[in-house]
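Here's the structure we're looking at; comments come further down.
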2 protein chains.
Amino acid sequence: MDTEKEVIARNLMEVFYQFSRLNWIQNSPTGLRHSELIVLHCISRRTKEGAPGIKVSEISSILKVTSPTITQILNGLYTKGLIERCADKDDRRAVPVRLTEKGRIVVEESSESFLKSFTELIEYIGEKPAEELVCLLTRVVAYFERKKEKTVI
Amino acid sequence: MDTEKEVIARNLMEVFYQFSRLNWIQNSPTGLRHSELIVLHCISRRTKEGAPGIKVSEISSILKVTSPTITQILNGLYTKGLIERCADKDDRRAVPVRLTEKGRIVVEESSESFLKSFTELIEYIGEKPAEELVCLLTRVVAYFERKKEKTVI
DNA sequence: TTAATATAGTTAGATTGCTTAACTATTAAC
DNA sequence: GTTAATAGTTAAGCAATCTAACTATATTAA
């Protein structure tokens, strides 16, 4: 006989699974992969803050993936002419990247449709519930990340 | 200048990203992949309901992946001795699968630790908030799945 | 100053989790 | 009986990572 908690736990697992297979990142008309879009936005965000570029290690750290992962994604974006690689004047090892004009256009367009998609989601579930969702998911993330640390030790 | 909704939208995107990269399926001591664990549990659930086995198409439908995906996972589980393939007496095409004794043991052990992990999560965020989370995520899933249908047409 | 250590990024290879295409055997519909 | 649909399988391909190994550069220690 399941306890109340066990029922909730099962429901959580199930909805987590469903979410895990969700395409909340919409497909790009320009044929970019999801990972590429995310990195593009990451670069855009940083350069909007006034930085001349963003380094592989910074993207890697922000997105919590390894730098070879970022390098491969950047290679794709570079091939598609959406980013350029610069030289860092303080550190010859570093390779800051920034958007090309083409990249900026792509980011702008996808930002708009992205934002539209999410503001509509907020309208769908309500503003207060959306804020609540952010809060709850943040705590879920915190729980599992702390659990992961414990497991490692 | 960002509107309130845009701020919430950004926060949602960010926490969705973090959540999507979360390992809420814990690693199996027996070296099983996450996908294998999920399929094992799917089989277990159905056979607990009294069915003699579950077909590829049923798993495929429940988990919302294609049948070649399921076949490949089943191949792995079969190799590891965790499932057996049966003959369907009504339809010679169908291949119902069920757990071996070994598979039952694996499912039992992982079910326990799985459930423990999630009941602790529920204790962490609270029972009412956990129920709220199920509800909210379910609506998020519904929103994006409906949005996907629209896009296809 | 030189040597040892650490760091930034890259390439290559491997794994996982899917998908689609093509196929065979079987079943259902006409 | 013939045609169309279905169940499952195999093979190949793609996306999204990771680790290992490497080179060049910067930092630290001797």
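Letters go in sequence order (proteins before strands), and every chain restarts at 1.
Atom CG in N27(B) sits about 13 Å away from atom C1' in dT15(C), given to the nearest Å. Atom CG in N23(A) sits roughly 12 Å away from atom C1' in dC18(C) (whole-Å rounding). Atom C1' of nucleotide dA28(C) and atom CG of D90(B) are separated by 15 Å, given to the nearest angstrom. One atom, CZ of R21(A), and another, P of dA15(D), lie 17 Å apart when rounded to the nearest Å. If you measure from atom CG of L63(A) to atom P of dA16(D), you get 13 Å, rounded to the nearest angstrom. Put simply, CD on E36(B) is 12 Å from P on dC18(C), counting in whole angstrom units. Computed from coordinates, the K64(B) NZ to dT19(C) C1' distance equals 17 Å when rounded to whole Å. The nearest whole Å value for the distance from the OH atom in Y78(B) to the C1' atom in dT9(D) is 14 Å.
In plain terms, the two heavy atoms of I122(A) and A9(B) that are nearest each other are CD1-N, 3.5 Å. Closest non-hydrogen pair, Y17(B) versus V65(A), comes out as OH-CG1, 4.2 Å. Considering every non-hydrogen atom in both H34(A) and I25(A), the closest pair reads NE2-O, 3.1 Å. Annotation for S117(A) and K147(B): closest pair OG-CE, 3.1 Å, computed over non-hydrogen atoms.
Put simply, the side chain of T100(A) gets close to the backbone of G81(A): a donor and an acceptor are under 3.5 Å apart. Judged by distance alone, the side chain of T119(A) and the main-chain N or O of L115(A) form a donor-acceptor pair under 3.5 Å.
Remark: E120(B) engages K116(B) in a salt bridge, criterion side-chain N to carboxylate O under 4.0 Å.
In summary, the aromatic rings of F19(B) and F16(A) are positioned with their centroids under 6.0 Å apart.
Close to dT24(C), at under 4.0 Å from its OP1 or OP2, lies no side-chain N or O of R92(B).
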Produce the list of close N/O pairs, under 3.5 Å, pairing protein atoms with atoms of nucleotides 1-4 of chain C; give distances to one decimal.
none

Is there any protein nitrogen or oxygen under 3.5 Å from a nitrogen or oxygen in nucleotides 5-12 of chain C, and what are the pairs?
residue : atom : partner : partner atom : Å
dT7(C)  : O2   : R93(A)  : NH1          : 2.7
dG9(C)  : OP1  : V56(A)  : N            : 3.4
dG9(C)  : OP1  : V95(A)  : N            : 3.4
dG9(C)  : OP2  : S57(A)  : N            : 2.7
dG9(C)  : OP2  : S57(A)  : OG           : 2.8
dT10(C) : OP1  : R85(A)  : NE           : 3.4
dT10(C) : OP2  : T71(A)  : OG1          : 2.8
dT11(C) : OP2  : N75(A)  : ND2          : 3.2

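By the ring pair (Phe, Tyr, Trp, His ring centres under 6.0 Å) test, Y124(A) is found to be paired with Y143(B), residues two or more places apart in sequence or in another chain being considered.
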